[in-house]
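Structure first, then comments.
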2 protein chains.
Amino acid sequence: MSDRRETSAASRGRASAGRAAYHHGSLREALIDAGEQLARSDGLDGVTVRRIAAACGVSAAAVYRHFPSGDHLIAAVAQRAREIMARDMFARLDTAAGKPAIDRLREVGESYIAFALAEPRLFSLVSMPMTTPPDRLDDPNAADLVRNIVLELEPPGEVDEVRVAGRMMLAQSSAHGLALILRDFVPDPQVREMLIAGVLDRVGVGLEA
Amino acid sequence: MSDRRETSAASRGRASAGRAAYHHGSLREALIDAGEQLARSDGLDGVTVRRIAAACGVSAAAVYRHFPSGDHLIAAVAQRAREIMARDMFARLDTAAGKPAIDRLREVGESYIAFALAEPRLFSLVSMPMTTPPDRLDDPNAADLVRNIVLELEPPGEVDEVRVAGRMMLAQSSAHGLALILRDFVPDPQVREMLIAGVLDRVGVGLEA
DNA sequence: CCGACATGTTGACAGTGTACACATCGATGC
DNA sequence: GCATCGATGTGTACACTGTCAACATGTCGG
């Protein structure tokens, strides 16, 4: 009976949770981890309650001690994916500090698209409508990041909220749509690069208008 | 035993198939019809082989006489949805004949977004990656439509294919991304209108660059 | 008229989410 | 130290899903 716990608990957690694992240690995090891996490899269809539970060496019903439904677990994995992507984007922004706002905005767009193409299946979760509100509203959020840069494009003194919203939406819509179309319909990497450059050039023009 | 056939066959087909209905009449079309309705009302999750079959008064296994798998049926429904949307767009374009290319391109974008917001669940199928090639490549296709208008933006004499591709991609990406974001995250119709106008204005600028 | 073929049904199997009753373990009060 | 209690995990069951093999039925060509 203890073998099951050992095989799964040994691979993860344990060290992070002070002493030896409690019933499981911290199953909630483990479930999200497993879900992330499953999403990476098998896509959204592969992310199922039973498979995630099995990957943690735990029965399916155990999931419901930590999430009110399977959809909530998926949503948590999606939130995790958004955090990963946000980290990517922030890291890339650090290397571009000092550049003009419009260039940094382009970096963000490129980063967003690059993530979608590097992790196409995980990206499906990123772009899922969020059924459950994120646990922490204060951590790195892609939308806020875009907003902050867009604000720099505003003429000093007065910020027109409508204009800000329009610019944000142009940036987000074009990056999001382009990422999806490239991922699903344009396999050739060279063509992808060409289209990314072509679109982002024009978006830049539109953003400054 | 004939009651089942009557209740379902009476509502559709029959007239189109010359005489009285054969085993079912034309089940293939009926399945796609039912799938379309199901997608409209219940969304992608509601579109299942068994429910479509039941809606046609037919056993689930019967589906496999007309489609190699359930995914192929879904794909056929998706193709149907694309045709419906394309018809919308063509109709709207007819009323805008004579206007400059850039204005007609905007009409197409507005039409695309309007469809996504009017039929949010059906739109999920539209934007599905096409696993199976469409039956007829020659009928109204949204991408070709956009391409034809974009070609009018090219300077007469020479067409730069890279520039054409970039413009097409900007138009499609921004409309697609905006439609998705508005559908999933912006419930307020007034805000939607404002954002559509704001984005399309800027896309217009980018397209003419 | 009758066989061949297209089409539809039945029943089964594996896999899914989820709820209920039960088991087990850690901590906490006495 | 011991009992109890709450948190956590298990087992089992139900309704649902896609899909297949075996069988039934209805239509058309010879």
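All figures in this text were calculated on a predicted structure; none of them were measured in a lab. Chain identifiers are assigned alphabetically (A, B, ...) following the order of the sequence lines, protein sequences preceding nucleic acid strands; residue numbering begins at 1 within each chain.
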L38(A) atom CG is separated from dT16(C) atom C1', nearest whole Å, by 14 Å
Going by the angle between their ring planes, with limits at 30° and 60°, are F123(B) and H176(B) parallel, tilted or perpendicular?
tilted
Separation of dA19(C) atom P from H72(A) atom NE2, nearest Å, is 12 Å
When you look at S124(B) and R183(B), which way does the side-chain hydrogen bond (donor to acceptor under 3.5 Å, both in side chains) test go after all the steps?
CA-CA 10 Å; S124(B) 303; R183(B) 185 195 62 173; 3.0 Å; yes
Sorted by chain and number, sequence neighbours left out, side chain to side chain donor-acceptor pair (under 3.5 Å) with R147(A) holds for E161(A)
Does a donor on one side chain sit under 3.5 Å from an acceptor on the other, for R106(A) and S111(A)? no
Notebook entry, point to check: Is F67(B) close to R28(B) at the side-chain level, that is, under 4.5 Å between some pair of heavy atoms?
Noted result: yes
Quick note, A61(B) side chain, CB onward, closest among dG9(D), dT7(C), dC20(D) is dC20(D)
In whole angstroms, the gap separating C1' of dA24(D) from CZ of R65(B) amounts to 11 Å
With a 4.0 Å cutoff (strictly under), does any side-chain N or O of H66(B) reach OP1 or OP2 of dG8(C)? yes
Here the distance between atom P of dC14(D) and atom OH of Y64(A), to the nearest Å, is 17 Å
note: D71(A), atom CG; dT18(C), atom C1'; distance rounded to Å ~ 11 Å
Numerically ordered, the residues 44-54 of chain A set in heavy-atom contact under 4.0 Å with DNA chain C is T48(A), V49(A), R50(A), R51(A)
When rounded to whole Å, the CG to C1' distance for the pair D42(A) and dT16(C) reads 15 Å
Separation of dG17(C) atom P from F67(A) atom CZ, nearest Å, is 14 Å
Here the distance between atom P of dG18(D) and atom CG of L31(B), to the nearest Å, is 13 Å
Of the candidates dT18(C), dT9(C), dA21(C), the side chain of S59(B) sits closest to dT9(C)
| query | Is the number of heavy atoms from other residues, nucleotides or ligands within 6.0 Å of CG (D45(A)) greater than 12? | reply | no
Per atom distances to the A62(A) side chain, the nearest of dG9(D), dT18(C), dG8(C) is dG9(D)
When R51(B), Q37(B), R121(B) are each screened for side-chain hydrogen bond (donor to acceptor under 3.5 Å, both in side chains) with D42(B), the one that passes is R51(B)
